[in-house]
Number of protein chains: 2
Amino acid sequence: MYIYIRTLGMSTSQLYRGSLTTIILKLLEENGEMYGYEITQRVKELTQGDLNIKEGALYPSLHKMEAAGHLTVTAKKVDNRVRKYYDITPAGKEETVNRLAELDEFLANMQRIINPKLSF
Amino acid sequence: MYIYIRTLGMSTSQLYRGSLTTIILKLLEENGEMYGYEITQRVKELTQGDLNIKEGALYPSLHKMEAAGHLTVTAKKVDNRVRKYYDITPAGKEETVNRLAELDEFLANMQRIINPKLSF
DNA sequence: TTTGGTTACTTAAGAATCTTATGTATATTT
DNA sequence: AAATATACATAAGATTCTTAAGTAACCAAA
């Protein structure tokens with residue numbers, strides 16, 4: 001008989017809503033082309049298991065970003081299995097700048113609300 | 001003929017999704033009882049007009065938090081108009097601690113992804 | 001005085017983003 | 001042989017939000 005204890009931050013948090021696109025863009029800008037599964041694993045590493053991106057969120061997001069012209073996709077066969085590598089386009093780089101600026105504003109605003117004693 | 005230019009950060013950003021409950025709890029913990037409209041104005045001030053909480057999001061949120069036992073409500077008549085003042089309960093204070101811890105984790109994780117060169 | 005703007009709350013309909021669940025298919029480990 | 005991991009896809013449902021419409025009172029300006 002096993003009892004599972006969910007440690008704090010196991011990504012039940014709704015705070016990550018809206019941040020997936022920004023995360024994907026930043027990773028691709030940083031690392032060059034990546035495939036979907038690789039993105040989920042990288043994020044898991046970076047957040048020490050805290051944030052587990054679900055396939056049901058990831059793949060539709062990638063498709064949408066490709067449709068928007070922010071990413072290109074190239075299928076490659078590795079070990080007799082297909083991987084779809086995504087790379088960022090010039091428009092995607094512009095979008096990245098905007099998204100990161102939005103994120104900065106968001107973080108600053110949350111600080112202003114949560115920590116109103118500090119000035120910015 | 002008027003042309004409206006939306007300045008950067010006019011809260012079109014999806015990043016605020018999931019943060020409303022945390023914001024309300026923190027404000028009530030900080031300031032004591034507040035009424036709905038007051039909360040929207042305080043947030044607008046704190047974020048310099050950047051974040052405008054919509055009534056359609058605010059009021060259902062307040063009702064839900066009250067139903068969860070995190071807030072109490074008291075109707076008061078001011079200038080022949082009804083205001084509903086919300087105050088935080090002991091359970092609400094516990095919830096506030098948890099929500100703020102979640103927010104800290106979220107902010108730290110976003111930093112790890114967006115700024116992987118820094119160590120935490 | 002009546003029109004428009006502000007204050008103050010409510011709620012329904014629809015949009016956006018996500019989780020859960022299911023499916024396909026191959027590789028690797030037990 | 002069975003379970004786990006890799007790798008992608010997508011439909012159904014949940015959650016949280018925006019938009020919109022309604023009620024009601026106050027106040028300033030035309």
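This structure is a prediction, so every number in the text was calculated from the model and none was measured. So you know, we letter chains A, B, ... as the sequences are listed, proteins then strands, and number each from 1. Values reported hereafter were calculated over all heavy atoms of this structure, with side chains retained and with hydrogens, waters and symmetry mates removed.
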Nearest whole angstrom, please: distance from the [atom2] of [N] to the [atom1] of [X].
X: Ile53(A); N: dT19(C); atom1: CD1; atom2: P; value: 9 Å
X: Leu58(B); N: dC17(D); atom1: CG; atom2: P; value: 10 Å
X: Glu55(B); N: dG22(D); atom1: CD; atom2: P; value: 15 Å
X: Asn52(A); N: dT20(C); atom1: CG; atom2: P; value: 11 Å
X: Leu62(B); N: dC17(D); atom1: CG; atom2: P; value: 12 Å
X: Leu15(A); N: dC18(C); atom1: CG; atom2: P; value: 12 Å
X: Gln41(A); N: dA7(D); atom1: CD; atom2: P; value: 9 Å
X: Met34(B); N: dA8(C); atom1: CE; atom2: C1'; value: 14 Å

Per [X] side chain, nearest of listed nucleotides [options]:
X: Tyr35(B); options: dT11(C), dA9(D), dC9(C); value: dC9(C)
X: His63(A); options: dC9(C), dT16(D), dT10(D); value: dT10(D)
X: Gln14(B); options: dA16(C), dT20(C), dT15(D); value: dA16(C)

Next on the checklist: If you assign Leu20(B) and Gly36(A) each to the DNA chain D nucleotide with the nearest heavy atom, which residue ends up on the more 5' nucleotide?
Outcome noted: Gly36(A)

Next on the checklist: Taking the nucleotide of DNA chain D with the nearest heavy atom to each, does Gly56(B) or Tyr85(A) sit closer to the 5' end?
Outcome noted: Tyr85(A)

Checklist entry - Which of residues 76-84 of chain B sit near DNA chain D, with a heavy atom under 4.0 Å from it? => result Asp79(B), Asn80(B), Arg81(B)

Using a cut-off of less than 4.0 Å, is there contact between a side-chain N or O of [X] and OP1 or OP2 of [N]?
X: Lys64(B); N: dT16(D); value: yes
X: Lys54(B); N: dC17(D); value: no
X: Tyr59(B); N: dT10(C); value: no

Enter the distance from [X]:[atom1] to [Y]:[atom2] here, rounded to the nearest 0.5 Å.
X: Ile24(A); Y: His70(A); atom1: CD1; atom2: NE2; answer: 12.5 Å
X: Glu29(A); Y: Thr96(A); atom1: CD; atom2: OG1; answer: 5.0 Å
X: Lys93(B); Y: Leu28(B); atom1: NZ; atom2: CG; answer: 11.0 Å

Item to check | Tyr86(B) and Tyr35(B) aromatic centres sub-6.0 Å | outcome: no

Next on the checklist: Please classify the nucleic acid contact of Gly18(B) as base, sugar-phosphate, or nothing, using heavy-atom distances under 4.0 Å.
Outcome noted: sugar-phosphate

Checklist entry - Is Thr21(B) touching bases, backbone alone, or none of the nucleic acid, heavy atoms closer than 4.0 Å? => result nothing

Checklist entry - Quick check: does any side chain N or O of Asn52(B) sit under 3.5 Å from a backbone N or O of Gly49(B), one acting as donor and the other as acceptor? => result yes

Checklist entry - Hey, are Glu33(A) and Lys76(A) close enough for a salt bridge, meaning a charged N less than 4.0 Å from a carboxylate O? => result yes

Next on the checklist: Looking at Arg17(B) and dT16(D), is any side-chain donor or acceptor paired with a base atom of the opposite kind under 3.5 Å?
Outcome noted: yes

Item to check | Within-4.5 Å side-chain heavy-atom neighbours: Met110(A) and Ser19(B) | outcome: yes

Checklist outcome for this item: Between Thr47(B) and Leu51(B) the two heavy atoms that sit nearest each other are OG1-N, 3.0 Å

